[in-house]
Structures are given as structure tokens and as C-alpha cells.
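One structure below.
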Amino acid sequence: EAAHVEGFAKECAVVTHYRLKNDPAGAGIIVDPEAKLEEELIIRPTSETIIWNTYKTWIQSYRDLPVLLNQWCNVVRWEMRTRLFLRTAEFLWQEGHTAHATKQEAVDEAEQMLNIYADFVENYMAVPVIKGVKTPTERFAGAEETYCIEALMQDGKALQAGTSHFLGQNFAKAFDVKFSDKNNNLDYVWATSWGMSTRLIGALVMAHSDDDGLVLPPKIAPLQVVIVPIYKGDEQLEIITGKVNQIVKELKDLGISVKYDNSDNARPGWKFAEYEMKGVPVRIAIGKRDIEKNVAEVARRDTKEKMSVDISGLSSYIKNLLDEMQLNIYNRSKQNLEGHITKADTWNEFVEILDNKAGFISAHWDGTAETEEKIKELTKATIRCIPLNNKQENGKCILTGNPSTQRVLFARAY
RNA sequence: CGGGAGGUAGUUCAGCCCGGUUAGAAUACCUGGUUUGGGACCAGGGGGUCGCUGGUUCGAAUCCAGUCCUCCCGACCA
């Protein structure tokens with residue numbers, strides 16, 4: 001627990017008073033000095049301590065294991081400087097905590113969660129990630145191993161998108177959580193914890209958006225298709241609406257979320273721009289001209305292309321298009337990632353790439369915290385991760401020239 | 001916590017340096033009309049204690065002092 005507390009102590013909000021009041025001098029609402037707490041409350045920055053205090057009372061036997069708790073909650077970390085979506089003083093996250101009878105089971109759990117996170121970020125958010133482990137200095141306070149997924153934003157800065165920790169027996173020892181195994185031997189349990197936060201919203205925005213606004217991958221877009229009628233007069237609208245109702249039904253039958261925006265308080269061009277800004281993947285426009293030819297204009301958000309599509313095959317066309325867009329958005333981001341993993345073998349190369357190309361730099365590191373710290377001081381680049389299944393190769397540390405057995409990924413990060 | 005920038009209409013800002021009619025623009029909003037295939041056009045209209053407090057002055061958005069707040073950069077960090 002000591003390392004954990006040490007790691008988080010510097011960024012906790014502390015409640016010292018329990019009441020506000022109107023200032024008699026008229027300065028508005030102020031803290032009531034009469035309401036000072038005798039014992040201060042510390043707002044959790046993460047929940048390990050309360051979870052393990054609880055596990056202590058729940059776990060006695062191997063029959064009680066494994067245990068998994070998952071909760072969504074808000075936590076507070078009093079950062080010196082906040083950054084919208086990426087680092088807010090208070091944030092909503094999901095945090096899971098497990099306890100296991102064996103070390104291997106805990107390690108497997110931590111790795112499983114890393115894979116679940118990677119699967120979600122890649123296959124739903126369409127943001128490719130690099131899976132890896134953190135260096136000791138970048139580890140979660142109190143963890144023995146911190147797994148992470150690192151994403152790359154369009155500006156070339158890295159963003160940690162999720163983490164999973166193998167906590168060893170540290171918390172079990174701190175909270176005295178022991179269990180009897182089948183042979184009646186007492187041992188401390190093995191632990192993991194893992195979390196993902198509203199930071200992912202920031203990742204989503206920065207990974208895909210363009211100058212016209214959000215670009216949402218179809219799988220997570222709350223609204224996948226919007227239909228905009230183009231008409232003059234009620235008579236035309238009525239004919240268009242008849243056609244659209246049929247299309248809406250077909251799309252809904254295919255499980256596609258769709259909105260028919262027949263509101264008359266905004267013109268078509270305004271609606272086009274508005275839904276693009278909101279990132280709606282597909283827009284269908286239908287006017288008198290289209291009805292006459294039995295077609296609709298389909299516009300996709302990711303490439304801004306417009307196609308004229310026969311209404312008879314429209315719903316299946318849209319279904320395929322949404323799948324294709326999901327892939328395209330992912331592949332585009334994947335290309336950006338892969339195009340920005342650059343090898344550097346000399347210090348000059350390292351600095352040059354960092355300043356002019358950005359992204360990840362694959363370079364040798366002598367494995368010491370001192371070198372890591374020095375590089376951070378000199379360039380603001382940190383070791384984002386040591387990729388899983390990293391290739392072993394002999395080389396020389398980018399900074400010190402000392403021997404190294406593998407390359408690690410450096411980047412400037414959010 | 002250190003450094004920088006800024007607070008003027010719902011919003012984004014100009015005006016401030018060099019004090020002087022009724023504080024402007026764009027956009028948004030309201031009314032009427034014409035429009036509707038990429039954020040419409042024409043005409044008319046409403047909207048501000050210029051962050052707050054004090055000072056200088058015949059006169060302060062403008063100068064001075066204090067104060068509160070916001071944003072950016074740095075250290076810190078999911």
C-alpha cells in the first residue's frame with residue numbers, strides 16, 4: 001500500500017468542511033467556517049483501498065476465489081493542469097478488481113482484460129492500439145506489472161487508452177487478505193485491477209475527426225443514418241415522406257438506427273452541415289428529382305463521397321456501406337499509426353524524428369530509470385510501452401550507448 | 001505552484017496604445033416577404049450597469065491601483 005499511497009497522495013482532493021452558507025457580508029456563497037470536519041475525507045483517486053478493505057472480509061478460503069468486482073464510478077485526481085476529456089479533475093470510469101488463488105490466474109486475468117480493452121477500442125472505436133507493458137517508472141503505483149494499450153492521435157501524440165495491472169500480493173499484504181488453499185496452507189491472494197475512462201471520448205474525437213467535425217465509426221454512432229428530405233411545398237413532402245417511411249422501416253429491420261429529419265425549421269444545407277459536424281456516418285437525401293428516377297443520394301461521412309443509389313436496393317447497400325466505413329475508418333487510423341512508428345538508432349535521429357515527424361519511435365534503451373528520466377527531461381518523450389511479444393535484438397541505448405536487448409516505444413504523450 | 005494572454009450584445013470579437021456624440025461588427029434572436037439539391041436572400045426590429053471595487057479627471061470601456069475569474073504553456077498525470 002505504501003507505494004500506492006505514495007503514488008496518489010500528491011493528487012488527492014480533501015474535504016475539510018461539510019457546509020456552505022450565504023456570506024453575511026454579501027460575497028455570495030462561502031464555506032461555513034463553523035462546519036470544519038474533525039476528520040477530513042479524502043476523495044478517492046481510485047478504489048483499491050476500499051475494495052481491498054472489503055475483500056478482507058469476504059475472502060477466507062480458496063472456495064471464495066476468484067472474486068471480481070466491476071464498478072462505474074467517478075474519481076477525483078487533483079491534477080495541476082487539466083485537459084478537456086483527456087485529463088479532467090473528476091472523471092467517470094470503469095474499474096475492475098479481482099482476487100485470485102494463484103499468480104498465474106491473476107496474470108492471465110490482467111492480460112485478458114488488456115485484450116478486451118484492445119478489442120473494444122480497435123473493433124468498435126476503430127482506433128488501432130499497441131499492446132504493451134509499462135516500464136517500472138511508468139507503472140501504476142503499487143503494481144508489479146502494468147499492461148497498457150497505446151493509441152496515436154492525428155497530431156502525432158500518443159494517448160494511453162486503457163490499462164490493466166497485475167498487482168501481485170501487494171494489496172493482499174497491505175490489507176491482510178489471506179486464504180486457505182486445499183491443503184489448508186494460508187497464503188495471500190493475488191490481485192489485478194484495470195480501468196478505462198471517459199478519456200476514450202477524447203481519443204475518439206482526436207483519432208478520427210476532420211475540419212468538418214466528428215467522424216464516428218458506425219458501430220458506436222448513436223445515430224447511423226439520417227435522412228433529409230428536399231422539397232418545395234407540402235405536396236412534395238408528402239410524396240417523399242411516403243417513400244422515406246418505407247426506407248426507414250427497411251433500415252430498422254436491419255438493425256440500423258435511423259432518423260428522418262423532416263423538421264421545417266432548418267434548410268437542407270444547414271442540416272447537411274449539422275449532421276456532418278455531429279459525425280453521423282451516412283446521410284441520405286431524397287428530393288423530387290430522385291423520386292422520379294427511384295434513387296436517393298447517399299453521402300458517407302468518412303470520405304465525404306456522394307453516390308446515387310437505387311432505392312430498391314438501398315437498405316442492403318447502406319448495411320454494407322456501414323460495415324465498409326467501420327473498416328475504412330479503422331484502416332485509415334491504422335495507416336497513420338503504422339506510418340508513425342519510426343526506428344531511430346542515433347540520438348540525433350531520435351530528436352529529429354520527434355520534432356519533425358512525431359509519433360512513436362522505436363529505439364534501444366539501456367533499461368535504467370535514470371536514462372528514461374534523462375530522455376524525458378531532454379525531449380519530453382516518455383517510454384510509452386514495451387510492446388508485447390517484442391523482438392529481442394542486441395543494440396546500443398539511444399542516449400548512453402550502453403548495451404540493450406530490445407527496442408522500446410518512445411513518444412510525446414497526452 | 002511558476003510564466004504568459006485575456007474578461008465589451010446569446011456567441012465570436014473590434015474599439016483601449018493616443019480619455020471626448022447615443023459603445024460597434026459578424027453571427028445568433030424577433031417580425032414580414034421571397035425561398036428550400038451544401039450552413040438562404042431582402043426589409044425592418046430587439047438586445048450591453050464594457051468582470052468587480054476604488055482612484056485620477058470637467059469627462060473613463062479607454063489611464064492607475066486592488067480584486068475575482070477564464071484560457072494557454074510548464075511541472076504533475078488516466
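Side-chain atoms of A/R267 lie closest to B/G37 of the nucleotides B/A78, B/G37, B/G74. Closest approach to the A/E274 side chain among B/G39, B/G74, B/G37 is made by B/G39 (side chain taken as heavy atoms from C-beta onward). Considering only side-chain atoms of A/S197, the nucleotide from B/A78, B/G39, B/U36 that sits closest is B/A78. Comparing B/A78, B/G39, B/U36 against the side chain of A/P268 picks out B/U36 as the nearest.
Within the 3.5 Å criterion, the main-chain N or O of A/S263 finds a donor-acceptor partner in the side chain of A/K271. Of the possible polar contacts, one joining the A/N170 side chain to the A/G142 backbone as a donor-acceptor pair under 3.5 Å is found.
One finds no salt bridge joining A/K243 and A/D290 here, because no Lys/Arg side-chain nitrogen approaches an Asp/Glu carboxylate oxygen to under 4.0 Å.
Within the 4.0 angstrom heavy-atom criterion, no nucleotide atom of any strand lies near A/K271. Residue contacts shown for A/F91 include a base, since a base heavy atom lies under 4.0 Å away. Using a 4.0 Å heavy-atom distance criterion, A/L86 is classed as a base contact. If you check every strand for non-hydrogen atoms under 4.0 Å, A/T382 touches nothing.
Relative ring orientation between A/H165 and A/F140 is described as parallel, the plane-to-plane angle staying below 30° on a 0-90° scale split at 30° and 60°.
Contact annotation: side chain of A/K306 to base of B/G37, donor-acceptor pair absent below 3.5 Å.
Nearest-nucleotide assignment on RNA chain B puts the 5′-proximal partner with A/E297, out of A/E297 and A/K376. Residues A/T198 and A/F272 each lie close to RNA chain B; by heavy-atom proximity, the contact nearer the 5' end of the strand is made by A/F272.
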Derivation and outcome, salt bridge (charged side-chain N to carboxylate O under 4.0 Å, His left out), residues A/K380 and A/D355
CA-CA 11 Å; A/K380 289 177 199 153; A/D355 287 342; over 6 Å; no
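For A/R81 and B/C71, the shortest distance from a side-chain N or O to OP1 or OP2 is not below 4.0 Å.
Nucleotide B/A78 holds its C1' atom 12 Å from the CD atom of A/E48, rounded to whole Å. The nearest whole Å value for the distance from the CG atom in A/N262 to the P atom in B/G37 is 16 Å.
The partner of B/A43 is B/U31, judged by Watson-Crick or G-U wobble contacts that both fall below 3.5 Å.
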